[in-house]
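In the text below, chain A, chain B and the rest are named by the order of the sequence lines, each starting its count at 1.
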Amino acid sequence: MGLSARVARFSLARPHVLVVVGSDGRAAGSVVESALLGRGWPLARSPADADLLVVAGSPGAELAAAVELLWAQVPAPRSRVHVATSSDVEASLDAAARHLRAWEAQRSDDGPDDPWAGQGPGTGGHQHAGNDGSESGDGHGGHSHDGMDVAGLPMASSAPDRDGLDLEALRVKLGPWLPGWPNGLVVEASMQGDVLSDVAVHWVDDAHPGTVGPQENALDALVRLLTLTGPAPTLRRWRETRAAVRQQRPGAVAQAARSAHRLARSRVLAWSLGGGPALAGGNAADVLHRWCDVLSGGSPAGGRDLVVDPQELATALQGADLAGARLAVASVVVGPGRTPAHGEGEDGDAHVGHAGGHHGGGHG
Amino acid sequence: MIALAGLVLGIGLVLTGLQAAATALTVARTPAMSLPFESGNLPAQHAVSRFHVRWYALCVLFLAFDMEMIFMYPWAVVVAQTGATSVVEMFGFLGVLLVGVVYAWREGALRWV
Amino acid sequence: MTRTSGTRAATTGAGMADPTTWTSVWAGLGVVAGALVLGLVLAWFDAVARAGVRVGSRAVLVPAAAAPVREGMRLLLGQRRTTVAPDRLLRTLAVCAVPVLALTSAAVLPLGGHSVVSTSADLVWFNAAEALLWVAVWMLGWAPNAVHSLVGAYRFLAQGLAYELPLMFAIITVGVGAGSLRATDVVAAQAGGAWFVWTMPVALLVFLLGAAAFTFWGPFGAPAARDIAEGVLSELAGLDRLLVELGRAVFLGVASATAAAWFLGAEDGPVLPGAWWYAIKTLAVMAFLVGVGRRLPLVRPERFADIAWMVLLPLTILQTAVVAVLVLGGFYG
């Protein structure tokens, strides 16, 4: 065994894991979560930080494309595993870890080389690849192109901002995967500096991950918020609490109630979460407080008032800064909405066209 | 001076040593070509653009103070010799700047979200 | 509380007997090695604090203590990563600048009445190394041509506008108290238990806060926070990421040792040899910094600006004024 293989065995003993949960993957996802907690494997914060990609449940077409793209952004050594049901989690993780540390195999992997991997002709937006001529004009929401394409991507065009200044507006998408983000939610927006405008919200593959009880909603929201703000030991304790409640361990619910009581009293945390956009009748600090009430049994509504419609979310995020928007999204539970929120008339097509048109020309 | 050369040498050794170790041990010597991370989406545009810096007023305020700090370093050395006058002058000047800070705060220059 | 001369402080110092050592190449190499050790020790403290160890739970403590070495090796083995149309020059410069600045800042650490680079403006040297991080971190965030990274870069600048002035006032307060900007004079002025922390507690706290902020660590981690998928670090992998993480840890470690020297009198202390005192004080500063920092939630720059300008800045100016008056009264000898 060579030196680097020895070092690899030691250094990859606790791989960083990027977990993508499909709309039907909630059960498998929570088993993965408790397995990771038990093994002490940290969650990856970005694809560049990841060693292991775990997909829980069966993703639809749009999420599957996102998974391919995320996988193409993970540097070697890397390994991926698909966990369809909750029964094969431990064995799958073991197999993935073995593959990760199989040094000779990793050496020949060489990692991703084609940045557009998984987005080749025929899948999703890349259909427009050969279609350079149609670049300017249709489906761009009125933004004109200045024809500056570098490496297959146009530069951002300008638009008036919320204060009436003419500034460059960058089209961005948040989700389906981000740390501390509801699984499968996608927020599309224009960003000027870090201020969001022109916001649209939808569920990936138009598939809402399904509703759960108030307790689980509260625990999910608290873990999301603490993922964004920390402190790290508190986040770890709440992830453990959530896992215990999900597994219905004796005393777990009472323990969660006590912890919630303590968390609600933390004034530093409330200050840290404050100042963002108002959603469900308050900013992230207020919403955290109300989730804590749900857990400690002091909320008559049981958190139903903290479930917001995608449309409502989109409105609240208009003009918010990125940090505030992330806290707002993390704090609430986003409902399925009446219909797919972006699918009104030609708007839905415009989204697809948007993404496709802009990177058209691709890597050539 | 020779010690400084040693420091530079040491820093150079750290950088080249890590580079050499990485080259020898790494799983792949060519870097991974990747699209920028955008939550699992294709980027629509280049991210580098004129960024709307909404705290520009704060920058101006900062510059005023920063210039003042440059005078303060030499002042710190001579304050014992020059006596009370220099202390009164320095903190009088700082007081004027602080009035500016309070004004900027009241005008909302310290908040940009 | 009388001021002693630099030479006396040197003889009570760490027992660096041969003065010619300090003019040789080995001094520079030794300081680089020492700075790396400081960074490693700090990373150990940090890993243990992050795991949220309850006292005596070896099950968490042991793996946490191995974490910095393991993570470092992991990055050394890992593949580097590049994005579409990045600014390669800026990335290379930034990735090297972070550790280089961190190691450079160790050059003015006073050790036994000497430092590797002893100038008449050591305090400015440290200040300059730390201020140049503004450029380095901004370049780091700009270079990959990625949106999260770019947001992180500008977050760092916004944070800088808040922490930099209080930090500079804290550093200047030390200079006023010592009547000199030379690090060895600062230590000499504190001989015999006249540690600056007794008269400059605010400056010490603000100095540590500034150190956490310029290494965007702990509660000041907004430029590399999870809400922007690690921001300035989000496109870095392999050696590139290792260099930046190394630089951050070393800078925070060196800043802890610097705080021990500037505010706690470095080697000054009874009975034990000076080097022991210096080490104990440095470890105590690290334990305090990490213990407090890892208990606090993230402080967003837009939330922090208010406090920095309206509370910390007047407080540090008041601190400088108090010290200046004490100097006039001959308090520091």
Note to self: In the structure I gave you, are the side-chain heavy atoms of W177(A) and V19(A) within less than 4.5 Å of one another anywhere?
What the structure shows: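 Result no, sub-4.5 Å side-chain heavy-atom pair not found.
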
Notebook entry, point to check: Heavy atoms, side chains only, cut-off 4.5 Å: are L110(B) and W55(B) in contact?
Noted result: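 No - every pair of side-chain heavy atoms lies 4.5 Å or more apart.
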
Next item on the list: Among the options H52(B), E38(B), R111(B), pick out the one with the most heavy-atom pairs lying under 4.5 Å from chain A.
Entry: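 Of the candidates given, the most pairs with chain A belong to H52(B).
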
Next item on the list: Report yes or no: do H16(A) and D49(A) form a side-chain donor-acceptor pair below 3.5 Å?
Entry: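 Note: H16(A) and D49(A) side chains meet the donor-acceptor criterion.
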
Next item on the list: Check the pair W71(A) / R78(A) against side-chain contact (heavy atoms from CB on, under 4.5 Å), numbers first and verdict last.
Entry: CA-CA 9 Å; W71(A) 174 244; R78(A) 57 184 192 154; 3.5 Å; yes

Notebook entry, point to check: Between S46(A), P176(A), G324(A), which residue shows the highest count of heavy-atom pairs closer than 4.5 Å to chain B?
Noted result: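 The option with the most such pairs is P176(A).
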
Check: chain A heavy atoms under 4.5 Å from A24(B): which part of the residue, side chain, backbone, both or neither?
Finding: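 Just the backbone, heavy atoms under 4.5 Å.
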
